[in-house]
Amino acid sequence: MNQEISIQTADFSLADEVALLEQDNAIDGAIVTFTGRVRNHNNGMDVSGLTLEHYPGMTERSLAKIINEAKTRWHIGRVKVIHRIGELNIGEQIVFVGVTSKHRHDAFAANEFIMDFLKVQAPFWKKERTTQGEAWLEAKATDDSKAQKW
Amino acid sequence: MIKVVFFAALREQLECSELTLSSENIATVADLKQQLASKNEQWQALFDNSSLLSAINHDMVDSEQPIKPGDEVAFFPPVTGG
């Protein structure tokens, strides 16, 4: 099992994840973390929460490929990607990406690269609960163009 | 045989999460799509959608990709995680 990737229904602790990235890792001077949360609004509609579906097996494979690509492009140390699935409420954490490197540039760039490709390649789908009922989110063209810029 | 799986909005619209098909007469993803579309008008409309993504054995592929017996083929809408 790939220790760098976790697909889970449970919440995660930012402090615990940072501690794991730091533990016995004196070589890396930089840690960049990104946390994504459930917003209370989308396209002008009030959101009360969402359900996240994924494609077990392909999700892990797709994230592993994205992480490996990041490792060929930048000098990075440790990587951790957590993505939650199932029912989530407003304000809850959805996704975590943590990257360490000797110097900050590599960790900043690799972290954004991993998020940009997770957005367009990893098989997750969000179904929002709004005041107007439930609806699957439409993919955004801006997410495609962000991934293409790399 | 080919195992075919569907996800998210497509799964709900088809009212089907997976099915198994004979691999006879199916050489590529495009052939498989055509065979699924021939089921009825609703399936035709859903599989004619050019934004639909496909994967074989957990790797994203395009319509020209060959399919072998035993493969798991997936169809799904553009992804919206993160």
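The chains referred to below are lettered A, B, ... by the order of the sequence lines, with proteins before strands, and numbering in each begins at 1.
Both the backbone and the side chain of A/Leu137 come within contact range of chain B, judged by heavy atoms closer than 4.5 Å. In this structure, chain A has a heavy atom under 4.5 Å from the side chain of B/Ala55, while its backbone stays farther away.
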Only pairs under 3.5 Å, no angle test: what donor-acceptor pairs are there between chain A and chain B?
residue	atom	partner	partner atom	Å
A/Glu53	OE1	B/Arg11	NH2	2.3
A/Glu53	OE2	B/Ala8	N	2.8
A/Glu53	OE2	B/Arg11	NE	3.2
A/Glu53	OE2	B/Arg11	NH2	3.3
A/Tyr55	OH	B/Glu72	OE2	2.5
A/Arg61	NE	B/Asp59	OD1	2.9
A/Arg61	NE	B/Asp59	OD2	3.4
A/Arg61	NH2	B/Asp59	OD1	3.3
A/Arg61	NH2	B/Asp59	OD2	2.6
A/Lys65	NZ	B/Asp59	OD1	2.5
A/His83	NE2	B/Gly82	N	2.9
A/Lys119	NZ	B/Gly81	O	3.3
A/Phe124	O	B/Thr80	N	2.8
A/Phe124	O	B/Gly81	N	3.4
A/Trp125	NE1	B/Pro77	O	2.9
A/Lys126	N	B/Thr80	OG1	2.9
A/Lys126	NZ	B/Thr80	O	3.4
A/Lys126	NZ	B/Gly82	O	2.6
A/Lys127	NZ	B/Glu12	OE1	3.4
A/Lys127	NZ	B/Glu12	OE2	2.6
A/Trp136	NE1	B/Glu12	OE1	2.8

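At a threshold of 4.5 Å between side-chain heavy atoms, the hydrophobic network of Ile, Leu, Val, Met, Phe, Trp and Tyr places A/Ile94 and A/Phe12 in two separate groups. No single ILVMFWY cluster, assembled from side-chain heavy atoms under 4.5 Å apart, contains both A/Ile114 and A/Ile31. Both B/Ile56 and B/Phe6 are assigned to one and the same hydrophobic cluster, defined by single-linkage of ILVMFWY side chains at heavy-atom distances under 4.5 Å. Connection of A/Phe117 to A/Val97 is established within a shared hydrophobic cluster, with ILVMFWY side chains joined at heavy-atom distances below 4.5 Å, either directly or through further cluster members. Tracing side-chain contacts under 4.5 Å through hydrophobic residues (I, L, V, M, F, W, Y), one reaches B/Ile67 starting from B/Leu21; they form part of the same cluster.
Under the salt bridge (Lys or Arg N to Asp or Glu O under 4.0 Å) criterion, no residue pair touches residues 93-111 of chain A, with sequence neighbours excluded. Screening residues 19-39 of chain B for ring-ring contact (aromatic ring centres under 6.0 Å, His included) gives no qualifying pairs among residues at least two apart or on separate chains.
The greatest number of non-hydrogen atom pairs below 4.5 Å with chain A, out of B/Ala74, B/Ala9, B/Pro78, is found for B/Ala9.
Below 4.5 Å, heavy atoms of chain B meet no heavy atom from residues 71-78 of chain A.
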Go through the steps to decide whether A/Met58 and B/Phe7 satisfy the test side chain to side chain contact (heavy atoms under 4.5 Å, CB included), and finish with yes or no.
-> CA-CA 12 Å; A/Met58 180 171 173; B/Phe7 291 93; over 6 Å; no

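Across every non-hydrogen atom of B/Val79 and A/Ala139, the tightest pair is O-CB, 3.9 Å.
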